[in-house]
Amino acid sequence: MTPNFIHTYVSVDCVVFGFDHENRLNILLVERHLDEEKQIKLPGSLILSDEDVDDAAERVLHELTGIKKMVLKQFKCFADPMRAKKKNDIKWMGIEYKHHIDRIITVAYLSLCKIDHKINSTKYATVDWFPVDEVPSLPFDHNKIISESLVEIRKWIELDFSIIFELLPKRFTIRQLYQLYSALSEKYIDIKNFHKKISSFNYIVPLDEIEKMYPIVQQDIISSMLKFTRKTILN
């Protein structure tokens, strides 16, 4: 019996994380249009015929944000034969790509972005940050991709803690760092043990500043401003 090999399209989808001023983990989503209906989704694209998959992901991020260089990590391929079988998804792909697409495999990437970066999208009219716990039902299997990306980013930060600073402002407090790490790990972390962990990293440098929201009489390690220096890692 002759095997029934697939003829398929390949795409990339990007999960871009940010950390907002209310100390919540966010994801950058875009809006797609189908007839008069609007629906949010992950940013993504089919891979061009002369394009490497990593180059496609970089293109998607640049079209999304206007930022030329962003941290980018490929983490999983999603190839369920039914992932693009919903009527609205098939209809949208036909309008967007002018092809009849009945099977699509996507290579998923995650990226990190400081939430106060100005977003200058050249492709999408609407780009918004959404707290991860407020993301609604999305097209295709985008909710599943987001869930898998959260697992991946936790593994990534455990392997390379310094990557977390891609989400923080240039100057930050240990309180912000603690809350971000807690949001990512989704487990209780003793603050005293966290202080010990942070003090062991020579690439976290204390500054002669305190967080403005604290009165001077409350100066302590929680309100002290810090910065991350990549030079120390390289040395």
*Report the C-alpha distance between Asn23 and Gln176 in whole Å, list the side-chain angles of each, state the deciding distance to 0.1 Å, and finish with yes or no for side chain to side chain contact (heavy atoms under 4.5 Å, CB included).*
CA-CA 7 Å; Asn23 300 316; Gln176 289 174 299; 4.2 Å; yes

*Could you give the distance from CG (Leu25) to CG (Leu180), rounded to the nearest 0.5 Å?*
7.0 Å

*With the side chain counted from C-beta on, respond yes when Trp92 and Pro139 share a heavy-atom pair under 4.5 Å apart, and no when they do not.*
no

*Expected output: side-chain Tyr9 to main-chain Ile47 donor-acceptor under 3.5 Å*: no

*Which pair of non-hydrogen atoms, one from Ser149 and one from Leu110, has the smallest distance, and what is that distance?*
O-CD2, 3.8 Å

*More than 12 non-hydrogen atoms from neighbouring residues, nucleotides or ligands closer than 6.0 Å to NZ on Lys227, yes or no?*
no

*Once you round to the nearest 0.5 Å, how far does NE2 of His142 lie from CD1 of Ile40?*
11.5 Å

*asked:* Once rounded to the nearest 0.5 Å, what's the spacing between atom NZ of Lys197 and atom CD1 of Ile191?
replied: 12.5 Å

*List the steps, then state whether side chain to side chain donor-acceptor pair (under 3.5 Å) holds for Arg59 with Ser45.*
CA-CA 9 Å; Arg59 170 175 58 82; Ser45 171; 3.2 Å; yes

*Can you hop from Val135 to Leu28 via hydrophobic side chains spaced under 4.5 Å?*
no

*Looking only at atom types and distance, does a side-chain atom of Asn143 sit under 3.5 Å from a main-chain N or O of Leu138, one as donor and one as acceptor?*
yes

*Are the side chain of Asp20 and the backbone N or O of Gly18 linked by a donor-acceptor pair below 3.5 Å?*
no

*Taking all heavy atoms of Pro206 and all of Leu226, pick out the closest pair and write down the distance.*
CA-CD2, 3.6 Å

*asked:* Taking Ile157 as the starting point, is it possible to reach Ile174 by hopping between hydrophobic residues whose side chains are less than 4.5 Å apart?
replied: yes

*asked:* Other residues, nucleotides and ligands only: do more than 12 of their heavy atoms fall within 6.0 Å of CZ on Arg154?
replied: yes

*For the atom pair CG (Leu34) and CE (Met93), what is the distance rounded to the nearest 0.5 Å?*
11.0 Å

_Between Leu184 and Ile153, is there a side-chain heavy-atom distance shorter than 4.5 Å?_
yes

_Strictly distance-based, threshold 3.5 Å: is any side-chain N or O of Glu51 a donor or acceptor partner for the main-chain N or O of Leu48?_
yes

*Closest non-hydrogen atom pair between His62 and Ile67, with its separation*: CD2-O, 3.4 Å

*Flag the pair Trp129 / Leu29 as yes when at least one side-chain heavy-atom distance between them is below 4.5 Å, and no otherwise.*
no

*Are any of the side-chain heavy atoms of Leu42 and Phe140 separated by less than 4.5 Å?*
no

Output a table of donor-acceptor pairs, distance under 3.5 Å, between side-chain atoms of residues 100-107 and any protein atom two or more places apart or on a different chain; print 'none' if there are none.
from: Arg103; atom 1: NH2; to: Ala79; atom 2: O; distance (Å): 2.8
from: Thr106; atom 1: OG1; to: Ser11; atom 2: O; distance (Å): 3.4
from: Thr106; atom 1: OG1; to: Ser11; atom 2: OG; distance (Å): 2.8
from: Thr106; atom 1: OG1; to: Asp13; atom 2: N; distance (Å): 3.4
from: Thr106; atom 1: OG1; to: Asp13; atom 2: OD2; distance (Å): 2.8

_Aromatic ring proximity Phe161/Tyr181, centre distance under 6.0 Å_ = yes

*May I have the step-by-step check of side chain to side chain contact (heavy atoms under 4.5 Å, CB included) for Asn88 and Arg32, ending in yes or no?*
CA-CA 11 Å; Asn88 280 352; Arg32 81 174 188 184; 4.1 Å; yes

*CD on Glu152 to OH on Tyr109, rounded to 0.5 Å*: 12.5 Å

*Quick one: do Lys144 and Asp80 make a salt bridge, cutoff under 4.0 Å?*
no

*asked:* Taking Lys155 first and then Asp160, would you say they form a salt bridge - that is, a charged N and a carboxylate O separated by under 4.0 Å?
replied: no

*Does Leu72 share a hydrophobic cluster with Ile115, counting links as ILVMFWY side-chain heavy atoms below 4.5 Å and allowing steps through other members?*
yes

_Measuring only between side-chain heavy atoms, which start at C-beta, is Val53 closer than 4.5 Å to Val10?_
no

_With a 4.5 Å cut-off on side-chain heavy-atom distances among I, L, V, M, F, W and Y, is there a chain of contacts connecting Ile163 to Phe194?_
yes

*Got a donor-acceptor contact below 3.5 angstrom from the Ser121 side chain to the Glu63 backbone?*
yes

*Determine, stepwise, if the pair Phe17 / Cys113 fulfils side chain to side chain contact (heavy atoms under 4.5 Å, CB included).*
CA-CA 6 Å; Phe17 287 101; Cys113 180; over 6 Å; no

*So do the side chains of Phe228 and Leu168 get within less than 4.5 Å of each other, counting heavy atoms only?*
no

*Measure from the side-chain N and O atoms of Ser182 to the backbone N and O of Gln179, and report whether any donor-acceptor pair falls under 3.5 Å.*
no

*Dump the intermediate steps for ring-ring contact (aromatic ring centres under 6.0 Å, His included) on Phe172 and Phe165, then the final yes or no.*
CA-CA 10 Å; Phe172 54 90; Phe165 300 103; 5.5 Å; yes

*Check whether Leu112 and Tyr178 end up in the same hydrophobic cluster, where Ile, Leu, Val, Met, Phe, Trp and Tyr are linked by side-chain heavy atoms less than 4.5 Å apart.*
yes

*Start with the C-alpha gap between Ile164 and Trp156, add the side-chain angles, then the distance that decides, and say whether side chain to side chain contact (heavy atoms under 4.5 Å, CB included) holds.*
CA-CA 9 Å; Ile164 202 170; Trp156 193 8; over 6 Å; no

*His195 side, atom NE2; Asp190 side, atom CG - distance, nearest 0.5 Å*: 9.5 Å

*Intermediate values then yes/no, salt bridge (Lys or Arg N to Asp or Glu O under 4.0 Å), Arg24 and Asp133*: CA-CA 9 Å; Arg24 298 178 302 175; Asp133 56 357; 5.7 Å; no

*Could you tell me whether the side chain of Arg83 reaches within less than 4.5 Å of the side chain of Phe78, counting heavy atoms only?*
yes

*asked:* Quick check against the 3.5 Å criterion: does Ser111 have a side-chain atom that pairs as donor or acceptor with the backbone of Val71?
replied: yes

*asked:* Among Val30, Leu61, Val12, Val127, exactly one meets side chain to side chain contact (heavy atoms under 4.5 Å, CB included) together with Pro43. Which residue is that?
replied: Val30

*Taking the side chain as C-beta and beyond, is there a heavy-atom pair between His117 and Thr65 under 4.5 Å?*
no

